[in-house]
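The analysis underlying the following values was restricted to heavy atoms, covering all of them including side chains, and did not include hydrogens, waters or symmetry mates. Proteins get letters first, then strands, A, B, ... in listed order; numbering begins at 1 in each.
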Amino acid sequence: MPLLINRELVDNDSWQLVGEEALENNELPAGDIIVPLAFYQENSDALINHDGEVAIQLTGDDEIDGVLENPSQFPLIAIFIPALRDGRAFSIARLLKRAGFKGQIRAIGDVSHDRLDFLTRCGFDALEIPADRFSDEVFNAFSEFSVRYQGCEDDSRPVYRQ
Amino acid sequence: MYQYTQVDQQLVNERVAQFRDQTRRFLAGDLPDDEYLALRLMNGLYVQRHAPMLRVAVPYGMMSSQQMRTLAHVARKWDKGYGHFTTRTNIQFNWPKLEDVPDILEELAKVQMHAIQTSGNCIRNTTTDQFAGVIADEIEDPRPYCEIIRQWSSLHPEFAYLPRKFKIAISGGPTDRAASQVHDIGLHIVKNDAGEVGFEVLVGGGLGRTPVIGKQIRPFLQKKDLLSYLEAIVRVYNLKGRRDNKYKARIKILVNALGVDAFRELVEAEWEQIKESDLQLTETEIERVQGFFKPFEYDASAANDSSLETKLAEDQSFAHWVRQNTVEHKVAGYRAVIVSLKAHLKPKGDISHQQMDLVADLADKYSFGEIRSTHNQNLVLADVRQQDLYELWQILEEANLARANINTLTDMTVCPGGDFCALANAKTLGIADQIDAKFEDLDYLYDLGEIKLNMSGCINACSHHHVGHIGILGVDKKGEDWYQITLGGSDGEDASLGKVIGKAVAADEVADTLAKVLSVFVEQRIEGERFIDCVRRIGLTPFKENVYAPAH
């Protein structure tokens, strides 16, 4: 799947999102992996010995207060967007940023052109776009607006402080 | 009124270009239907029974004469020559072509107008008192705060995909003409014991399927904290609001599920984190925006007028109009004029392109070039010298804009209903005509006094039927339109939800049923008592008994 990091297409991504079947069988691939928060919590002891780095995937339904207490224990946090209309990821990313998270925040799931700019402004630096929704046009998403009213994670100053 | 800065203009222009591109990608097959649906809704574009419907924002109901002329132009060029004002004080065009919409938006952008967030699951147009800035009983003009909220909420990167739509209203003082208690957030400008002006904050009001009166979560909020507090509320809602069922997705459901105290704790905890951030409003910004809403340079000699007295004595029709359709202005010698969009047997809230142009001209000539739309689907010329009233009335009368029925039974608030709206269960326009025809006699209407009649064609309650003194809800029964009647609602400072009086009545019985309701009122009322007060005093039983009495 095409992956944009800091608005540029990258092809050397080391992270693997572990699929459901592998999770159920506890057959984790070697290398850097992304696992759901619940799986991580249940298996955190075993994961210490994983051969590679371990990142978590959050969804809007997860209780994330625990993660927010120490997000920087993770090198990367992915947030799953199940559907276009589900806007929780935007707030979750901002909460992670506010909690001091400096690692990569990656959007996965229903990620496409018309949300890329807002996702970026809310703190996502990596955007994984399904192949069928990707074209060179998506890069236009970042330059559709040259002005904005609100402060956000890219620049905290609202228009009246700019 | 507010004038765009370069940033405001740029943002609206870029939104037009963005929407043009989204529409291009959709028409080229690159954007799935479902995705374009969400995107077009966020720009006010619905697909209705006959054609797309474009809802253009009228921020807190304020329009310049130039903007009104552009609306007339849009109606002429891209629609069938008319528009429809809504209870969110916006205007809808019912017949544009989808592929023309980017051009319409470009035309609107030239006069500082847009359709941003007039639909969709995002923060909608903030509404307020149609007499803001000219009425004596307000504590402070709420419009600068509406504008500040407009900017904060426009294209907010975090809040574009909320669980459901989100509506904010501000009342400038103790008399609530903004229906603030039935909004997702209601703000009341108040003065605290120290004499500081700020906001009382209500949350979780709303109509639709589950009508709820808003609950106070903060008795006093300082002005500088306005946006940080709103952001805290909306963030909590965005994270915790239900997304599994769209009928349970409004903030009112969340507030009720958690209880207002638990909800308040979440909001206050979130607010603690951000109240000292850059979101805090600066004095300079508040003053900058207030600068756009300064009182006009009123004619000091206006108060010396004696012609009005004479005309009132000479012309009874004029006297009725002045009594019903004008409101006292805080400046002596001026009055605020309500332009009735409730003409006899005409769709309520509709206005033709000729009428739009005329109102624009009248605004220029008599009211400092500004026009307001009201949440009851009328227009207001807020600053008219009393000596000009007679001339203005004559022109409005000629244009069918002076029906002297404001705040009477036929000043109905009515959604377009099943004739236009794809969501509606029943038609409304024919029923409104039936009521008009039955209650044509103005003397009878004046005798009945203040009555607010709201009629919605479906449970979505666009016309706020729950808070009408009389509410009518269209329902579908096996393919036929039936109408459920509620009594005792109010959207004012004494907000209450109407109660259903009994089983729905058939389409041809609505006006007759109202007549039965009103005959109970006429019989039972105490001298000078308003309909709503009578309903509250005697309860529903006498009304039920008369409406559902077995035929003799």
* Dump the intermediate steps for side-chain contact (heavy atoms from CB on, under 4.5 Å) on A:Y160 and B:V289, then the final yes or no. => CA-CA 10 Å; A:Y160 48 87; B:V289 181; over 6 Å; no
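- The minimum heavy-atom distance between B:L155 and A:F118, with the atom names listed, is O-CZ, 3.5 Å.
- In this structure, the side chains of B:R25 and A:H113 come closer than 4.5 Å at one or more pairs of heavy atoms.
- At least one cation-pi condition fails for B:R15 and A:F145: the charged atom is not both under 6.0 angstrom from the six-membered ring centre and inside a 45 degree cone around its axis.
- Ion pairing of A:R88 with B:E158 is absent here, as no side-chain N (NZ or NE/NH1/NH2) approaches a carboxylate O to less than 4.0 Å.
- Salt-bridge check for B:E35 with A:R115: passed, with a basic side-chain N closer than 4.0 Å to an acidic carboxylate O.
- Taking the charged nitrogens against the carboxylate oxygens, A:R85 and B:D34 do have a contact shorter than 4.0 Å, which makes a salt bridge.
- Proximity to chain A (any heavy atom under 4.5 Å) is shown, for B:Q280, by both the backbone and the side chain.
- Side-chain atoms of B:S153 and A:Y149, non-hydrogen and from C-beta on, never get closer than 4.5 Å to each other.
- Between A:L84 and B:Y161, some side-chain heavy-atom pair lies under the 4.5 Å cut-off.
- Rounding to the nearest 0.5 Å places CD of A:Q150 at 5.0 Å from NE2 of B:H156.
- For the pair A:V159/B:D8, no side-chain contact is recorded, criterion being any heavy-atom separation below 4.5 Å from C-beta on.
- Pairs passing the salt bridge (Lys or Arg N to Asp or Glu O under 4.0 Å) check and including a residue from residues 11-21 of chain A, sequence neighbours excluded, read A:D13-A:R106.
- A:F90 approaches B:P157 most closely through the heavy-atom pair CD2-O, 3.4 Å.
- Using non-hydrogen atoms only and a strict 4.5 Å limit, the part of residues 119-134 of chain A facing chain B consists of A:R121, A:C122, A:R133.
- Heavy-atom distances place both the backbone and the side chain of B:L11 under 4.5 Å from chain A.
- Considering every non-hydrogen atom in both A:R161 and B:S277, the closest pair reads NH2-O, 4.4 Å.
- The shortest distance between side-chain heavy atoms of A:R98 and B:Q273 falls below 4.5 Å.
- Side-chain contact between B:Q6 and A:V147 is absent, with no heavy-atom pair separated by less than 4.5 Å.
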